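The analysis underlying the following values was restricted to heavy atoms, covering all of them including side chains, and did not include hydrogens, waters or symmetry mates. Bear in mind the structure is a predicted one, so any value in this text is a computation, not a measurement.
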Amino acid sequence: MIKTKVVIYILFLFTTLSCTPSWDLSELYVLKIENTSKVIYKYDAWGGRDSHIFGIVILDSTETFDINNVETLPFSLLETIPTKELVLGIESDNSDYTKTKNEIHKPIKVTIDNQGGLKIKTKIFQYKGYSNRSGGLGRYVFEKFKETHDSIFFYNLDDVESMKPEHLDTLKFKKTNITIKKTEQNNVLQVDIQDLKLSQNDEILSNITYFLKPKKTISINAFTNIGIFKELNRIK
């Protein structure tokens, strides 16, 4: 009887361990929060049977990122540069998508949380209104850039997406959802930007995605750590 119980326990333990997901971290980016020891990580990972998880988390810079032991923030986009006073995020809710008839372009709910000693405020939008104001894609190569504290400018851009390519002297973005991918030599591979625009009364105006590549070699360290997610690992 005792042997039977031992065998059952071993089988239970084996089953439990085998069901524990093993994640392959494919992308990891970090953004520093000014005047604090806190950082924001953005991650993407794949597991068995094509399981896929991604999200944004806050940790102290002294802590090690462990994908199996993190609390994901309740949003996928930032509205402003995070500060020690406030981290302001944007999310959409598709729980009632099939029941929704009218589009709503302003937040349907606002939540306030606290994580790591920081105030987290999330504006939640109706999925239909959010998605129908989102869309558009721009692919450009750029010659140089310039930063201010809250904005970033790209210069001498050539369109590589359109059938009739256009040339732009300048593109300006606010520093929020900017992600820089790097090469193994720590040079800029690509700058991904989710350019979400809200009106002063929180109505979604547009949400366009941009992929920008440098025309010449630029070190990722040429960019600051303020309001920009920088890649920590380069996956081959």
Side-chain angles (χ1 to χ4, degrees), residues 21 23 25 27-45 47 51-61 63 65-135 149-151 173-179 192-209 225-230:
W23 298 105
L25 192 62
E27 294 183 338
L28 182 62
Y29 307 89
V30 65
L31 177 154
K32 294 184 178 181
I33 301 179
E34 278 189 292
N35 303 316
T36 75
S37 61
K38 305 297 182 182
V39 296
I40 298 182
Y41 288 102
K42 181 163 66 170
Y43 70 89
D44 193 288
S51 300
H52 184 213
I53 59 172
F54 55 91
I56 298 175
V57 302
I58 291 178
L59 291 177
D60 194 272
S61 57
E63 297 178 89
F65 180 88
D66 179 0
I67 196 169
N68 293 306
N69 190 31
V70 294
E71 183 180 355
T72 303
L73 293 172
F75 59 78
S76 54
L77 292 178
L78 291 166
E79 184 181 349
T80 58
I81 297 176
T83 68
K84 62 181 181 180
E85 287 80 24
L86 178 66
V87 179
L88 185 55
I90 300 292
E91 189 54 89
S92 62
D93 180 7
N94 64 353
S95 59
D96 62 347
Y97 179 75
T98 57
K99 302 177 183 178
T100 303
K101 294 182 179 180
N102 299 323
E103 291 185 20
I104 302 173
H105 302 111
K106 293 183 180 181
I108 57 175
K109 183 168 59 174
V110 176
T111 63
I112 297 178
D113 304 288
N114 187 288
Q115 192 174 129
L118 298 176
K119 181 181 178 181
I120 313 297
K121 183 177 180 180
T122 305
K123 297 177 182 179
I124 301 173
F125 288 82
Q126 178 208 52
Y127 180 78
K128 179 174 286 187
Y130 179 88
S131 61
N132 287 351
R133 288 282 175 93
S134 299
H149 184 269
D150 59 1
S151 300
F173 302 97
K174 67 177 183 178
K175 286 184 176 181
T176 45
N177 304 294
I178 298 174
T179 302
D192 295 353
I193 301 171
Q194 199 72 37
D195 189 30
L196 175 67
K197 295 185 184 298
L198 301 180
S199 69
Q200 291 185 347
N201 62 351
D202 281 345
E203 180 180 351
I204 298 175
L205 300 177
S206 63
N207 186 16
I208 302 174
T209 301
N225 296 310
I226 305 303
I228 296 175
F229 284 98
K230 288 184 176 180

From [X] [atom1] over to [Y] [atom2], what is the distance, rounded to the nearest 0.5 angstrom?
X	Y	atom1	atom2	answer
S199	H105	OG	NE2	11.5 Å
I33	I58	CD1	CD1	5.0 Å
Y43	E27	OH	CD	13.0 Å
E79	T122	CD	OG1	10.5 Å
L78	F229	CG	CZ	5.0 Å
I228	I226	CD1	CD1	9.0 Å

So which atom in [X] and which in [Y] form the shortest heavy-atom distance, rounded to 0.1 Å?
X	Y	value
F125	D202	CE2-O, 3.5 Å
D44	F54	OD2-CB, 3.9 Å
V70	D66	CG1-O, 3.0 Å
G227	L31	C-CD1, 3.7 Å
Y130	I204	CD1-CD1, 3.4 Å
P82	V87	CB-CG2, 4.0 Å

task: Identify the residue among N177, T179, T176, T209 that makes a side chain to side chain donor-acceptor pair (under 3.5 Å) with Q194.
output: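 By the side chain to side chain donor-acceptor pair (under 3.5 Å) criterion, Q194 pairs with just one of N177, T179, T176, T209: T209.
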
- prompt: Under 3.5 Å, is there a donor-acceptor pair between the side chain of K197 and the main chain of I208?
  reply: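 Looks like no, no N/O pair under 3.5 Å.
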
- request: Check for a donor-acceptor pair, side chain of S37 on one end and backbone N or O of S61 on the other, with a separation under 3.5 Å.
  value: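 Answer holds: no.
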
When you compare the side chain of [Y] with that of [X], does any pair of heavy atoms fall below 4.5 Å?
X	Y	result
L25	F65	yes
Y41	V30	yes
T72	I53	no

What donor-acceptor contacts under 3.5 angstrom involve side-chain atoms of residues 109-118, with partners at least two apart or in another chain?
residue, atom, partner, partner atom, Å
N114, OD1, G117, N, 3.4

query: Does NZ in K42 sit with more than 12 non-hydrogen atoms of other residues, nucleotides or ligands closer than 6.0 Å?
result: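 Correct, the count exceeds 12.
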
- prompt: Does CD in E103 sit with more than 12 non-hydrogen atoms of other residues, nucleotides or ligands closer than 6.0 Å?
  reply: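 Yes, the 6.0 Å shell around CD holds more than 12 heavy atoms from other groups.
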
task: State whether E203 and R133 are salt-bridged, where the test is any N-O pair (Lys NZ or Arg NE/NH1/NH2 against Asp/Glu carboxylate O) under 4.0 Å.
output: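 Salt bridge present between E203 and R133.
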
- request: Quick one: list whatever passes side chain to side chain donor-acceptor pair (under 3.5 Å) with E85, sequence neighbours left out.
  value: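 E85: side chain to side chain donor-acceptor pair (under 3.5 Å) contacts with T83.
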
